[in-house]
Amino acid sequence: LKSKGINEKVKWDGYPHVLKSQQFDKKWVEDVLFPLANKIEKLFGRKKLRKLLKGKTMASVFASESTRTRASHEIGFTHLGGKVAFSSQNANLSGAMGKGESFKDTLKVFDSYNLDLIVARNDSLKETPIIDIAKGLNTPIINAGDGAGKDKQHPTQALLDLYTIYKHLGKIKGLNIAMIGDLKNGRTVRSLCYLLAKWNINHIYFVAPKALKIGKDILAYLKSKDIKFSEHRNLKTIASKIDVFYQTRTQTNLGSRKDTRLNNLEDITIIDKEILKLGKKTSIIMHPLPCLDEIVRSEVDNDPRAIYINNSNNLPSQLKCGLIIRIALMLLIIAPHKSVKLLG
Ligand code: CP
């Protein structure tokens, strides 16, 4: 990729691809991504925002289900004045892959079509991971969730999660974070751990049934970065210490509800009014969504600490932060000079 002339200030390791959380360092997140996201939030609906990617095109190539990730990239791109030239909700069903084509070949097709950006998701363990496919592509690619291979990642989710924490708590340093649910199959927790390890957080509490524990590779990584962590079965015993409750669902698409060792759904930790009562008044409750039965919505949604869908204290919800961060990332990828100008 030709990167000559691109302002060094806004580049990250592996630029312009967004493939895994390890690419991003603390200084870039704090000095470039978050300030740009804040600017974009203020510019919503303004003409200035809608001109930034005029004439640019993207394709979203999703070989598996998505609502938020696909929609926020596509809608975010149009907020910037760009055009979504192709969108496939499920390339397995409606695209060439239905004929047995590999995801790698499908992405190579789009790479040949002179696009400015490809946003791709693939959950199939049989396919080449997006991280590896990207090495052979010339078009910038965003990994919008990769279930393939050992290093399952969802880096834009991790960046938006971190931004949400920063917006609502004003800091990342020193926090106690509970990662709850299907930690074995969920890629959002994996990607978020890689990012959090770059900050001086206080402690990560992993809360999961035995069959769905966080991978040893993540624990080894945290250890190598001197991040304190512990594993638990019962959220109630630690709830009073937690600043961020990061709840996740059991991954039907990535395998875990089919896991025969998880016979009983009661093994899943639920966030309900009891947890709210035990939790700090200053804590926040996050969920990457979709949310199934792991949050009692009738008891939790209206609490100001629940920020997964609802804005709270005049601050954008986790969902809205997702749109903002993805707009910032796409602008940085396609028009770095305009990003620098916006940053001032
Ligand atoms: N959080 C998330 O990745 O949601 P979608 O599967 O709807 O994109």
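Counting starts at 1 for both ligands and their atoms, following the listed order. This chain uses plain numbering: 1 for the first residue, then up along the sequence.
Ligand 1 has no N or O atom lying under 3.5 Å from any N or O atom of Pro290, backbone or side chain. Here's the thing with Arg70: none of its N/O atoms is less than 3.5 angstrom from an N/O atom of ligand 1.
Between Trp12 and Leu33, the closest side-chain pair of non-hydrogen atoms is not below 4.5 Å. Between Phe44 and Ile327 there is a side-chain heavy-atom pair separated by less than 4.5 Å.
Ligand 1 places these atoms under 4.0 Å from at least one heavy atom of Leu289: 1 (N), 2 (C), 4 (O). Interface of Gln157 with ligand 1, defined as ligand atoms under 4.0 Å from a residue heavy atom, comprises 1 (N), 2 (C), 3 (O). Taking every non-hydrogen atom of Thr67 and a distance limit under 4.0 Å, the qualifying atoms of ligand 1 come out as 5 (P), 7 (O), 8 (O).
Summarising the geometry of Gly181 relative to Thr248, their closest heavy-atom pair is CA-OG1, 3.6 Å, with the distance given to 0.1 Å.
Nearest to atom 3 (O) of ligand 1 by heavy atom, out of Arg68, His154, His287, is His154.
For atom 1 (N) of ligand 1, the nearest non-hydrogen atom of the protein is Pro288 O, 2.8 Å. In this structure, the protein non-hydrogen atom closest to atom 6 (O) of ligand 1 is Arg121 NH1, 2.9 Å.
Contacts of Thr188 with ligand 1, taken as heavy-atom pairs under 4.0 Å, are absent altogether.
Within the 3.5 Å criterion, the main-chain N or O of Pro304 finds a donor-acceptor partner in the side chain of Ser312.
With rounding to the nearest 0.5 Å, the separation of CG in Leu115 from CG in Asn138 is 12.0 Å.
A side chain to side chain donor-acceptor pair (under 3.5 Å) with Asp161 is found for exactly one of His154, Gln318, His287, namely Gln318.
Taken together through direct or relayed side-chain contacts under 4.5 Å among Ile, Leu, Val, Met, Phe, Trp and Tyr, Ile334 and Leu49 form part of one hydrophobic cluster.
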